[in-house]
Structure formats: structure tokens, C-alpha cells
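What follows is one structure encoded as C-alpha cells, with my remarks underneath.
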Amino acid sequence: GSRAVSLSRQVQGTGGSSAVSKCSAAARGYIQDRFLRLLAGRRRRRAPLIHRGYYIRARAVDHCVQDFLLKTQSLPRTQILSLGAGFDSLYFRLKDMGVLHHTVVYEVDFPDVACQKATLIKGVKELSTLVGDTKGEGIGAIAFSGDDYKLLGVDLSELSELERTLEEAGLNNEIPTLFIAEVVLTYMETTSRSDALIQWAAERFPRACFLLYEQVQPQDPFGRVMQQHFRQLSTALRSLALYPDCQAQQRRFLAKGWTECSVMDMNEFFTCCIPEDEQQRVQTLEPFDEYEEWHLKCSHYFVLAASKGMEPSWTPLSPSVTVPCHAGPAGVAGSVPAAVCAGLSGGPGLRRYGHRSVLVKPNVIVTTGGFGEEDGQHCRVRNVHLLSRHAGRWGAVCVPHNVPDQRWGERLYHTVSRLSDTLALVVGGRTSPSSTGLGMLWLRFPETCGASGPGDVAVELVNLQPGAEAAALRWRHSTTEITFKGEQYLFVYGGRSALEPVLGDWHFLHAPELSCTAISVEGPVPESRHSHSACSWEGGVLIAGGLGAAEQPLGSIFLLRELEHGFQWQTIETHPPLVPRYSHTAHVHEGKLLLVGGVWFHASSVPGVTVIDLMTGLCLNYVINVEHLEWPLMLHNHSSVFLPDAKELLVIGGGGNCFSFGTHLNPEPVLLSLSSILTSH
């Protein structure tokens with residue numbers, strides 16, 4: 001009926017837009033494919049994050065297809081059956097590479113998609129010559145028929161019709177067949193239909209391989225944003241409820257008649273199946289700074305390879321690169337309740353990410369920078385916001401300030417350090433990922449700040465001392481207050497710059513004049529990192545986690561501690577080892593290091609609050625109980641302030657640009673109650 005037709009239109013729309021995105025990725029050199037532009041129709045330049053997403057998708061499919069062709073090259077005949085192929089260029093690429101000596105490619109899609117594609121191929125010489133001689137016009141459901149390429153217009157949920165058309169087009173059930181379903185099955189109207197298709201392929205083909213690429217992990221915050229996006233397009237992801245993770249998908253195939261099945265999410269695939277030089281090539285193709293959303297996107301897509309009756313067996317997903325396998329969280333010690341912070345809901349300027357918040361004095365917090373909502377639009381936030389607590393209730397105001405330079409209000413991933421009740425220092429940050437750093441600023445607050453209303457904040461550019469400039473030209477770094485021989489210093493460490501994807505250097509700036517001071521440091525130097533956390537502790541600094549070289553999360557913790565003539569790096573061992581993570585925030589309370597949120601590679605759960613006892617090294621993971629929040633809480637690129645009196649943590653902002661699913665900003669600040677996990681035992 002018309003319902004089916006309108007559904008098929010929406011799903012076809014997803015195919016068209018993915019063709020445009022693949023085309024854009026090819027134009028920037030992510031994928032080598034000269035046929036995409038001939039098939040995509042319209043051209044649009046997409047964002048780097050989208051390019052990476054389509055790169056990994058194309059790479060995963062290609063990896064498995066090439067492996068199938070290689071493993072079966074000595075056989076007399078094989079075939080590839082691409083389900084819901086849309087305007088995909090696979091056949092033309094393979095034909096052009098000369099690898100289809102004894103392989104016929106069948107593509108199936110909705111009848112009008114197949115007809116459109118057939119017309120397009122006939123009208124483009126570059127495509128029609130590759131196919132060679134066509135057997136007359138399309139007949140019935142066969143929209144196009146060449147020697148080694150058949151294009152069929154059939155609804156995949158009509159299995160008997162599909163079978164009949166394939167037979168008519170010459171498909172041979174007895175020879176090794178590779179089925180490809182690239183983000184297709186999950187759109188089928190009911191899961192029973194996609195299950196039936198998987199089972200049909202196993203029953204009818206004694207020697208077969210099945211390649212599946214689609215979404216996973218629907219229930220975590222990113223998964224909820226992703227699901228909402230597809231629902232709004234009227235193309236709900238229907239398989240997710242029954243098969244929410246990679247293990248469930250594996251069980252699904254084994255239960256439907258496949259004898260071997262391996263599966264990897266895209267973080268694992270990128271790390272294990274793509275050679276290091278190729279990883280590096282892709283990471284440097286264009287300025288990029290959306291690591292969190294890239295890794296979250298990758299943990300929400302998987303590639304699956306199933307087979308039966310293949311000799312030798314087909315296992316394209318065996319890691320080619322040996323990677324240290326980090327176990328996920330060892331277990332959950334308990335949970336931490338999250339609640340919306342009453343006075344701050346709907347407050348101005350608090351929906352943002354990449355900003356910084358600092359407690360300038362008890363009950364007064366200053367939040368600056370980041371990307372978020374201002375005057376009803378998404379942009380880099382210019383205004384400074386002041387949060388203050390009166391009679392136990394928080395409120396927020398936007399503070400007037402003089403802007404000495406337009407660039408001030410437009411920075412992300414800077415640091416803000418409190419030097420006194422009336423003074424804070426802003427270091428570094430960026431506007432765009434190709435911008436150089438933004439220097440330093442003083443923020444001066446009136447004595448009465450927060451007590452009798454906001455008062456003005458004075459913003460002044462810092463005249464940098466020689467040598468201090470290098471400290472400022474960075475972002476995603478840390479700036480921590482330390483003491484050396486009784487004097488106050490700021491310790492600037494790590495981060496990244498427009499030229500260096502990851503930094504491992506440090507600078508001691510003597511307060512308050514910020515002169516760069518040489519102080520000797522011994523001990524094992526921490527590997528370069530950005531998006532780590534840093535806390536003052538006993539005059540020194542605790543550095544935890546971060547994203548290292550090759551964009552891999554780190555699980556190490558270092559203490560920089562004062563000796564008589566300088567400082568020394570010491571490694572802090574934790575038991576069990578800390579799960580590698582980055583983009584978290586951190587606080588120290590009574591000898592315990594608290595790590596809040598962040599991103600890690602373990603799709604089964606999202607980071608909550610990790611408590612590390614600095615005396616014993618004991619490391620406990622707590623999940624955050626979000627049942628009282630009506631929206632997905634994304635705990636990366638957030639800021640947090642620890643309120644020691646109530647043992648509460650105020651989390652402000654957080655979120656990011658979620659692949660093609662839209663920007664998610666946590667709508668209101670949240671209080672995490674830590675009293676139950678911080679009580680001294």
C-alpha cells in the first residue's frame with residue numbers, strides 16, 4: 001500500500017544522501033573511487049567528521065569484499081549479491097580493478113531506484129563501457145543486465161519474489177556467494193523480515209558469506225541521539241531493540257544457520273584492521289578536532305562477517321595489527337544519582353561544550369568559552385556566565401564584559417585557572433582546528449562578585465613574557481596550580497596545536513607575572529597527550545588519561561611531585577588498571593582522585609565516575625544513574641565543579657556534534673551526589 005511506498009521513499013532518501021557523503025569523502029582523498037561522482041548526482045562538501053565516518057564504512061566493506069575475492073580466486077565461478085545497493089559504485093570499482101574474472105555482481109533495490117540507476121548507467125559512457133554488452137532492455141524486475149552485472153528491482157521483504165527474480169537473472173545457488181547488506185536490514189519494516197532474509201540466504205546457499213554493516217548500542221546517550229535522528233527521518237532503526245550489541249548480532253547469525261561469525265565495532269576495526277601508515281594518512285587529510293564524536297560514532301557501528309560451507313573458512317576480520325587489548329571496566333562498584341540542578345534549568349548560556357568552569361570562591365563559578373547556544377543559534381559562545389548560590393539555591397547570569405579583542409569570546413578547549421578571589425587566567429584554546437593558539441587573558445572580578453549581583457568582569461590581554469608564548473599556543477591542554485619552594489606557579493602541560501596533533505611538553509609559569517621558569521624535572525616522561533585531566537595535589541600535579549599519538553586513549557596516571565631541587569614524574573599504578581579514556585574531568589578529595597565521564601572504546605557502557613585511592617591504588621568504577629533525567633546525558637566536553645561541603649559535583653554543559661545526527665547539548669546542568677561513595681570507611 002501507500003504506507004510501504006512512502007517508507008521505501010524515506011529509506012531511498014538515506015541512500016541518496018550517503019552517496020553524496022561518499023562522493024565528498026572521495027573528493028578529499030579519503031577513498032579512491034572515481035565512479036562515485038558519476039552516480040551521486042549532486043555534489044556537496046561535507047564536514048571532516050562525516051568524511052571519516054564514510055571512509056571507515058567504505059573501508060570495512062572493501063576490506064571484506066577484497067578478502068572474499070582473494071580467498072575464492074582459484075574457484076571457477078563466484079557471485080556477489082548486494083542487497084539494497086542504492087547508487088553504490090562497488091561493481092564499477094571492482095570491474096575497473098580487473099578483479100571480476102569469474103564473478104557476477106547482482107544488485108537488488110526498490111524498483112524505482114533500480115530503474116533510475118539503470119537509466120543513469122546507460123546515459124554515462126564511462127559506466128556503460130565498463131559493463132560492456134547489455135542483453136537488450138530491462139525485462140520486468142530486471143532493470144539492467146550485462147555479462148557480469150545484473151540490476152534487479154525487487155522489495156527485499158518479498159522473499160519469494162526476490163528468489164524468482166534472482167533465478168530469472170541467472171543466480172546460481174550452488175556456487176560461493178557473498179551477500180552484502182550495508183545499512184539495509186535495519187530499515188526493513190519488521191525484524192522478522194530481516195531475520196527471514198538472513199535465514200533464507202543460509203538455507204538456500206550451501207557455500208555462502210554474509211557481510212553486514214549497521215548500527216548498534218541504541219540505549220546509551222549517543223545511541224539515543226542516533227535513534228531519534230532516524231525516527232525523525234521516518235526511517236527507524238528496527239533491528240536495534242532485538243539486537244542491541246555485537247554479541248547479539250553474532251548469536252542472531254549463528255541461530256539462523258550460519259556456522260562461522262565474527263564481528264567488530266568500528267573502533268576495533270580501525271585500530272586492528274587498518275595498517276598504521278593508512279591510519280596516519282587518514283588522520284592528517286584535513287584539520288580535525290572532533291575525536292569524541294568520531295570514537296562514539298565508531299562504537300555505534302559494526303561490521304559482521306558470517307559464513308558457511310566455505311573451504312578454507314572465511315575470516316576477514318582477523319586483526320592484522322596486534323593491539324594491546326584493554327579490558328573494559330572490571331565491574332561496577334555502585335551507582336551515583338544524577339539530578340537536574342533546580343535553579344539552573346533553562347538558565348542562559350549553559351548549553352555548550354568545549355567550555356571551562358572554575359570555582360573562583362565558595363558559591364561562585366565562572367564559565368567561559370565553548371561552542372553552544374547563544375541568542376537562539378549555535379555558535380562559539382562569547383559571553384561569560386556567572387553561577388552563584390544563595391541560600392542553597394544556584395542561579396546563573398550572563399555577565400557584561402569588555403572585549404579587548406573579537407577573538408576572546410570565541411575559544412574552545414582553553415583552560416581557566418583561579419589565582420585569587422578576584423583573578424583568573426585563561427590560557428590557549430582555539431577558534432577553528434586550523435587556527436593557531438589564542439594567547440592568554442586575565443579575568444578580573446569585583447570583590448563583591450556573586451554577592452550583590454554579577455558586577456562587571458574585566459577582560460585584559462596578557463602581555464606575554466618571552467618564552468611564555470609557546471605555552472599559550474595550544475588547546476586541549478591543562479594548566480594546574482603548583483608550588484615550588486613555597487612560591488606559586490602554573491604548570492602548562494600537553495594538548496595539541498595547529499601543527500602538532502599531540503604535545504608532550506610542559507612549562508612552568510611563575511605567578512603572577514607569568515615568566516617562564518626553568519625547573520628541572522626527572523623520572524619517566526609521560527607519553528604525549530591531549531584531552532587529559534590534571535589536578536593540583538600536595539603541591540604537585542596529577543595527570544590522568546588523555547588521547548595519545550595515533551588517536552589512542554591512554555590509561556596512565558602520573559604524579560609530578562616536588563623534590564628538593566625540582567620535580568619528579570612518578571607513575572601511579574592502579575588495581576585494576578584504569579580503563580583508557582579521555583575528555584573526562586577530574587577532582588581530588590581527601591586522597592582520592594575522581595574521574596568524571598569521558599570517552600573510552602568500550603561500547604558496552606559509558607564512563608561514569610571512577611574513584612582512585614591515591615594511597616592504595618584501588619580503582620572503583622561507578623555508573624551514573626540517569627533515571628531522573630528526561631534527556632541523554634553526554635559526559636564528554638563538559639565541565640565540572642566539585643562542591644566539597646555537600647560532596648556534590650556540578651556538571652555544566654557537555655555534548656558535541658554527533659556525526660550526521662545533529663548537535664547534542666546537555667540541556668541543563670546536573671548535580672551528581674557523591675556522598676555515598678566518598679564516605680570515609
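Note that the coordinates shown come from a computational prediction; the quantities given were computed from them, not determined experimentally. Side chains are part of it too, since the values below use all heavy atoms of this structure and drop only hydrogens, waters and symmetry mates.
Between Trp569 and Trp506, the ring-plane angle classifies as perpendicular under the 30° and 60° cut-offs. Using bins of under 30°, 30° to 60° and over 60° for the plane-to-plane angle, the ring pair Phe491/Tyr493 lands in the parallel bin. Ring geometry for Phe661 against Tyr301 counts as parallel: the plane angle stays under 30°, on a 0 to 90° scale with 60° as the upper cut.
Residues Val364 and Phe445 have side chains not in contact (no heavy-atom distance under 4.5 Å, counting atoms from C-beta outward). Looking at heavy atoms from C-beta onward, Met264 lies in side-chain contact with Cys272 at the 4.5 angstrom threshold. Between Asp613 and Val611 the shortest side-chain heavy-atom distance does not fall below 4.5 Å. Side chains of Pro553 and Arg581 form no contact here, defined as non-hydrogen atoms less than 4.5 Å apart. Between Asp245 and Phe302 there is no side-chain heavy-atom pair separated by less than 4.5 Å. Side-chain contact between Leu443 and Val426 is present, with heavy atoms from C-beta onward closer than 4.5 Å. Side-chain atoms of Leu419 and Trp442, non-hydrogen and from C-beta on, do get closer than 4.5 Å to each other. Taking 4.5 Å as the limit, some side-chain heavy atom of His477 sits within range of a side-chain heavy atom of Thr415.
Rounded to the nearest 0.5 angstrom, Ile365 CD1 and Leu650 CG are separated by 5.0 Å. The line from CG of Asp289 to CG of Leu49 is 11.0 Å long, rounded to the nearest 0.5 Å. In this structure, NE2 on His565 lies 9.0 Å from CZ on Phe484, to the nearest 0.5 angstrom. The distance from atom CZ of Phe659 to atom CH2 of Trp294, rounded to the nearest 0.5 Å, is 8.5 Å. Expressed to the nearest 0.5 Å, how far OG of Ser536 lies from CG of Leu490 amounts to 9.0 Å. Of the inter-residue distances, the one linking Leu412 atom CG with Trp475 atom CH2 reads 10.5 Å to the nearest 0.5 angstrom.
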Item to complete: Apply side-chain contact (heavy atoms from CB on, under 4.5 Å) to Thr479 and Leu425, showing your working.
Response: CA-CA 10 Å; Thr479 305; Leu425 176 71; 5.5 Å; no
Item to complete: Take Val263 and Cys246 through the test side-chain contact (heavy atoms from CB on, under 4.5 Å) and record every step on the way to the result.
Response: CA-CA 6 Å; Val263 59; Cys246 290; 3.9 Å; yes
Item to complete: Go through Tyr243 and Arg251 one step at a time and tell me if the side-chain contact (heavy atoms from CB on, under 4.5 Å) criterion holds.
Response: CA-CA 9 Å; Tyr243 308 113; Arg251 289 193 296 272; over 6 Å; no
Practice prompt. Given side-chain contact (heavy atoms from CB on, under 4.5 Å), test Leu547 with Arg476 step by step and report yes or no.
Written response: CA-CA 10 Å; Leu547 199 62; Arg476 289 182 177 267; over 6 Å; no
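When all heavy atoms of His355 and Gly654 are compared, the pair lying nearest together is CE1-N, 3.8 Å. Annotation for Met440 and Val427: closest pair SD-CG2, 4.1 Å, computed over non-hydrogen atoms. Taking each heavy atom of Asn666 and Gly653 in turn, the nearest pair found is ND2-O, 3.1 Å. Nearest heavy-atom pair, Thr367 versus Ile652, reported as atom, atom and distance to 0.1 Å: OG1-CD1, 4.1 Å. Taking each heavy atom of Ile543 and Ala534 in turn, the nearest pair found is CD1-CB, 3.8 Å. The minimum heavy-atom distance between Leu649 and Ser640, with the atom names listed, is CG-CB, 4.3 Å.
Environment of CD in Glu469: sparse, with no more than 12 heavy atoms of neighbouring residues, nucleotides or ligands closer than 6.0 Å.
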Would you list the atom pairs, donor with acceptor, under 3.5 Å between side chains in residues 620-634 and any protein atom, with sequence neighbours excluded?
| from | atom 1 | to | atom 2 | distance (Å) |
| --- | --- | --- | --- | --- |
| Asn621 | OD1 | Thr610 | OG1 | 2.7 |
| Asn625 | OD1 | Glu627 | N | 3.0 |
| Trp631 | NE1 | Glu668 | OE2 | 3.4 |

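The ring-ring contact (aromatic ring centres under 6.0 Å, His included) contacts involving residues 635-656 comprise His589-Phe642, where partners must be two or more places apart or lie in separate chains.
Not one N or O on the side chain of His587 forms a donor-acceptor pair closer than 3.5 Å with the backbone of Val596. Of the possible polar contacts, none joining the Glu410 side chain to the Arg380 backbone as a donor-acceptor pair under 3.5 Å is found. No donor-acceptor pair under 3.5 Å is formed between the side chain of Thr271 and the backbone N or O of Glu268. Within the 3.5 Å criterion, the main-chain N or O of Ser515 finds a donor-acceptor partner in the side chain of Thr517. At least one donor-acceptor pair under 3.5 Å links the side chain of Arg411 to the backbone N or O of Gly428. Remark: side-chain polar atoms of Asn267 are paired, donor with acceptor, to backbone N or O of His295 under 3.5 angstrom. The backbone N or O of Cys516 sits nowhere less than 3.5 Å from a side-chain atom of Gln465 that would complete a donor-acceptor pair. Ser583 contributes a side-chain N or O that, together with a main-chain N or O of Asn637, makes up a donor-acceptor pair within less than 3.5 Å. No side-chain donor-acceptor contact under 3.5 Å links Arg474 to the backbone of Leu503. Looking at Gln488, its side chain never comes within 3.5 Å of a backbone N or O of Pro512 through a donor-acceptor pair.
Ion pair Glu551/Arg52 flagged as a salt bridge, since at least one NZ, NE, NH1 or NH2 atom sits closer than 4.0 Å to an Asp/Glu carboxylate oxygen. One finds a salt bridge joining Arg529 and Glu527 here, because a Lys/Arg side-chain nitrogen approaches an Asp/Glu carboxylate oxygen to under 4.0 Å.
His530 and Tyr413 have their aromatic ring centers separated by at least 6.0 angstrom.
Looking at Glu373, His385, His378 one by one, the single match for side-chain hydrogen bond (donor to acceptor under 3.5 Å, both in side chains) with Arg352 turns out to be His385.
Scored by the ring pair (Phe, Tyr, Trp, His ring centres under 6.0 Å) test, His664 finds no partners at all (sequence neighbours excluded).
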